[in-house]
Amino acid sequence: MDAVGAVFNVLFFILVIYLISRVAHFMNNTTNKLKEIDEKLEELRESNNI
């Protein structure tokens with residue numbers, strides 16, 4: 001039973017690391033998209049001021 005428990009613990013640990021990684025990538029992608037939107041808004045503001 002100890003070996004089975006150890007395998008489950010390792011799999012759970014890998015799952016937690018994977019989920020943290022996915023959340024980090026999602027946050028990074030969201031940040032990049034927000035920067036992109038800000039740049040486009042700035043371009044629109046500049047083109048309207050001309």
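Below, all heavy atoms of this structure are taken into account, side chains as well, without hydrogens, waters or symmetry copies.
Partners of E43 under the salt bridge (charged side-chain N to carboxylate O under 4.0 Å, His left out) rule, at least two apart in sequence or in another chain, do not exist in this structure. Scanning for side-chain contact (heavy atoms from CB on, under 4.5 Å) contacts around E39 gives an empty result, with sequence neighbours left out.
For the atom pair CD (E36) and CG (L34), the distance works out to 10.0 Å, reported to the nearest 0.5 Å. Going from atom CD1 of I37 over to atom CG of N32 covers 11.0 Å, rounded to the nearest 0.5 Å.
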Validation: residues 15-30 side-chain donor-acceptor distances under 3.5 Å, sequence neighbours left out:
unit_1, atom_1, unit_2, atom_2, d
T30, OG1, F26, O, 2.8

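A side chain to side chain contact (heavy atoms under 4.5 Å, CB included) with V7 is found for one member of N9, V4, L11 and no other, namely L11.
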